[in-house]
Number of protein chains: 2
Amino acid sequence: MARTSTEHAAVGDLDLGTVLRALADEHRRAVITELAADESDGERMCQSFDLPVTKQTRTYHFRTLRDAGLICDIDYGNKKGIRLRRADIERRFPGLLDLLVAEFAGTTR
Amino acid sequence: MARTSTEHAAVGDLDLGTVLRALADEHRRAVITELAADESDGERMCQSFDLPVTKQTRTYHFRTLRDAGLICDIDYGNKKGIRLRRADIERRFPGLLDLLVAEFAGTTR
DNA sequence: CTGCAAGTACGACGTGCATCGTACCTCAAG
DNA sequence: CTTGAGGTACGATGCACGTCGTACTTGCAG
């Protein structure tokens with residue numbers, strides 16, 4: 001049925017402190033960076049990020065990211081789709097995602 | 001004698017995780033934002049930031065900022081000068097300071 | 001020299017946060 | 001219907017962090 005979960009936090013409700021705290025964690029930052037680097041902005045299955053943690057912790061991190069307003073997720077019941085709220089982020093914090101992507105490029109090279 | 005303290009962390013030694021963690025704290029972010037908003041880049045006395053904490057905590061925060069590579073301080077013995085490492089930050093994380101300043105403008109209006 | 005104000009050092013304390021274990025839910029495949 | 005994989009809920013644990021108290025250092029003003 002694909003119900004958009006929890007009405008992803010209010011539009012301009014993005015708080016810089018909350019966002020920075022969310023991005024301060026290495027795993028969460030890796031997720032957002034990976035999403036930001038993918039220009040197609042396709043819907044990702046959150047299992048596809050293979051974080052080195054258990055699935056309970058993964059749930060926790062994705063919840064944190066959703067609460068921070070960085071992603072919105074779509075509940076398929078037994079699976080879940082993740083989507084970056086690129087437009088909202090870019091409008092509120094222009095250049096933020098570029099910083100992450102740039103760092104990503106520097107890291108992998 | 002004004003000795004440049006502790007050889008402010010290596011040049012390109014700025015780590016995104018460390019920086020984000022440093023900026024995640026409201027008080028530290030306020031300091032950097034204030035510094036970033038001042039285009040003259042003058043040397044500030046760290047007493048002049050009147051954070052709502054004791055001086056021990058202030059020492060801790062400024063130390064954190066210095067360790068993160070965001071500021072360098074000059075030891076005058078009984079007083080201390082604070083200076084934003086704007087050039088280094090801008091070269092490593094272009095646009096980061098602009099984000100803070102933009103948020104500052106939005107907050108005070 | 002004697003105060004005083006600014007900073008630092010060290011240690012204590014409370015809270016927040018990342019992590020996991022156990023248990024439960026939900027759908028799809030068989 | 002049963003099973004298994006993906007996900008969530010709740011609680012426990014351990015560590016990091018922000019905070020402060022006490023004590024010490026440093027330089028300037030008197």
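No experiment lies behind these values; they were computed from the predicted model shown. Excluded from the calculations below are hydrogen atoms, water molecules and symmetry mates; all remaining heavy atoms, backbone and side chain alike, are included. Each chain gets a letter, A, B and so on, in the order its sequence line appears, and its residues count up from 1.
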Shortest non-hydrogen contact from Asp41(B) toward Arg83(B):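 Result for this residue pair: O-NH1, 3.3 Å.
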[X] has an atom [atom1]; how far is it from atom [atom2] of [N], in whole Å?
| X | N | atom1 | atom2 | answer |
| --- | --- | --- | --- | --- |
| Met45(B) | dG27(D) | CE | P | 14 Å |
| Asp67(A) | dG16(C) | CG | P | 16 Å |
| Lys55(B) | dC24(D) | NZ | P | 14 Å |
| Asn78(B) | dT8(C) | CG | P | 11 Å |
| Arg58(A) | dG7(D) | CZ | C1' | 9 Å |
| Tyr76(B) | dT25(D) | OH | P | 24 Å |
| Ile74(A) | dG6(D) | CD1 | P | 19 Å |
| Arg44(A) | dG6(D) | CZ | C1' | 16 Å |

Nearest listed nucleotide, side chain of Thr54(A), among dG21(C), dG7(C), dG7(D):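 The answer is dG21(C), which lies nearest to the side chain.
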Arg28(B) side chain vs Ala22(B) backbone, donor-acceptor pair below 3.5 Å: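 Answer holds: yes.
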Any donor-acceptor pair under 3.5 Å from Glu90(B) side chain to Gly95(B) backbone: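 At least one qualifying donor-acceptor pair exists.
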Distance below 4.0 Å between His61(B) side-chain N/O and dC17(D) OP1 or OP2: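 His61(B) to dC17(D) OP1/OP2: no side-chain N or O under 4.0 Å.
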Phosphate OP1/OP2 of dT8(C) contacted by Thr59(B) side-chain N/O (<4.0 Å):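 Answer yes for this pair, as a side-chain N or O of Thr59(B) is under 4.0 Å from OP1 or OP2.
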Pair of N/O donor and acceptor under 3.5 Å linking [N] base with [X] side chain:
| X | N | result |
| --- | --- | --- |
| Lys79(A) | dG6(D) | no |
| Gln47(B) | dG7(C) | no |
| Gln56(A) | dG21(C) | yes |

Donor + acceptor pair across side chains of Thr33(A), Arg29(A) (<3.5 Å):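 There is no such pair between these side chains.
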First of Lys80(B) and His27(A) reached from the 5' end of DNA chain C, by closest nucleotide: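 It is Lys80(B) whose nearest nucleotide is closer to the 5' end.
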Nearest-0.5 Å distance, CG of residue Leu99(B) to CG of residue Leu16(A):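 Going from CG on Leu99(B) over to CG on Leu16(A), the span is 7.0 Å.
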